[in-house]
Amino acid sequence: MKKIAVVILNWNGAKLLEQFLPSIMAYSDKANVYVADNASTDNSIAFIKQQFPSITIIQNDANYGFANGYNSALQQVEEEYYALVNSDIEVTENWLNPILSIFDSESTIAIIQPKILDYKNKEYFEYAGAAGGFIDKYGYPYCRGRLFGTIEKDNGQYNDELEIFWASGACFFIRKEIYRKLNGFDGDFFAHQEEIDLCWRAFNLGYKAKYTSKSVVYHVGGATLNESNPKKTLLNFRNSLLMLTKNLPENKLFLILFARLLLDGVAGIQFILKGKFSHCWAIVKAHFYFFLLINKTLKKRNAPQLENYYRSNSIVYKYFVKSGTVFE
């Protein structure tokens, strides 16, 4: 029996499946491949059945987003390891071998991320994950190979394996046992930052995440919801606050949440100055929805919140004030 399940979440992504499923099928002989479909209305299902009949299709009865889309589908997937792969990912030969080797030999590793490069410019890292993720004291996520809008060229500087704080949901490997112990992604997030929240909850329970450069994938990025969409701004700002509320240590919770709300206000002003009024309004709505959910979210603080979650005191200060554009 194969140990790993490659599970691709799809919603009206027939064109992406046509483009990227061939590499998945060519290089994933050690895995069983699934497509979890969020009630697509295009010809996705017909295309898979006709072109790739060996793929198992799991049909959700509605568009549950990234979080609950996977939560629903993975109830039916029993392989030991999950590979959650975006539909806009091109994989490479032997991409699964390093992952299987780590899972089989390092029992403390619960989550793994490969090297994620840009499909459109393959010499550079991709925004969503790059060479492994960390967060700063205030919960701002950043990656080796990407700080805010600055993307590094892949010159082999991150050709290593090391523990990271979070792995990108674009190509996210996790042990089934841990995924289920954590009750999967938080469905209230719908999409964006749910993988960081899941990694943080795993960290709080003593599990580890790891990056390996021996596995390489290429990601288009923004194929479902691009940066210009205010909905993406809303989800990112709201979910960041929800994640902090769930996972911050008790003695840091109020002050850091207060600081983040103020910094969100600064971001809103910047959007106004750039003429991006819809994005400023998205931040206002994000705060509104956050306060609607805050009591429910506080009840999810059901694990010890560990102090040593962050690597940098303030990546915002380093990047915008000190002009530090490379991971250190």
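Note that the structure is a prediction, hence the values are computed from the model and not measured.
- When side chains are defined from C-beta on, K252 counts as touching Y310, because their heavy atoms get closer than 4.5 Å.
- Side-chain atoms of R301 come within 3.5 Å of backbone N or O of L248 as a donor-acceptor pair.
- In summary, the side chains of Y82 and R180 do present a donor paired with an acceptor at a separation below 3.5 Å, with no hydrogens or angles considered.
- Checked for salt-bridge contact, E78 and K176 meet the test: a charged N lies under 4.0 Å from a carboxylate O.
- With hydrogens and angles left out, the side-chain atoms of Y27 and E90 include no donor and acceptor closer than 3.5 Å.
- A donor-acceptor pair is defined here as one N or O able to donate and one able to accept, closer than 3.5 Å; no such pair exists between the side chain of N86 and the backbone of I89.
- No hydrogens or angles considered: a donor-acceptor pair under 3.5 Å links the side chains of N10 and S44.
- Looking only at atom types and distance, the side chain of E152 has a donor-acceptor partner in the side chain of Y158 under 3.5 Å away.
- For the pairing with Y127, the side-chain contact (heavy atoms from CB on, under 4.5 Å) check across I116, D118, I151 returns one residue only, I151.
- Within the 4.5 Å cutoff, no side-chain heavy atoms of I24 are placed close to those of V35.
- Side chains of N313 and K318: a donor-acceptor N/O pair is absent below 3.5 angstrom, by distance only.
- Rounding to the nearest 0.5 Å gives a distance of 12.0 Å between CG of L162 and NZ of K208.
- Among pairs with a residue in residues 240-274, those fulfilling ring-ring contact (aromatic ring centres under 6.0 Å, His included) read F271-H279, at least two apart in sequence or across chains.
- With Y140 as the aromatic partner, R260 meets the cation-pi criteria of under 6.0 angstrom to the ring centre and within 45 degrees of the ring axis.
- Note that K122 lies in the cation-pi zone of Y218, set by a 6.0 Å cut-off to the ring centre and a 45° limit from the axis.
- A donor-acceptor contact closer than 3.5 angstrom is absent between the side chains of Y70 and E195.
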For W200 and Y309, run ring pair (Phe, Tyr, Trp, His ring centres under 6.0 Å): C-alpha distance rounded to whole Å, both residues' side-chain angles, the deciding distance at 0.1 Å, then the answer.
CA-CA 8 Å; W200 199 340; Y309 62 91; 5.0 Å; yes
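- For the pair K153 and E123, the salt-bridge criterion is met [side-chain N within less than 4.0 Å of a carboxylate O].
- Side chains of D136 and R311 form no contact here, defined as non-hydrogen atoms less than 4.5 Å apart.
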Would Y289 and N239 count as a side-chain hydrogen bond (donor to acceptor under 3.5 Å, both in side chains) here? Give the steps.
CA-CA 10 Å; Y289 290 126; N239 292 351; over 6 Å; no
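- Judged by distance alone, the side chains of S72 and N60 do bring a donor and an acceptor atom under 3.5 Å apart.
- Side-chain N/O atoms of T150 and Y319 include a donor and acceptor closer than 3.5 Å.
- Looking at K246 and D188, no side-chain N of the basic residue comes within less than 4.0 Å of a carboxylate O on the acidic one, giving no salt bridge.
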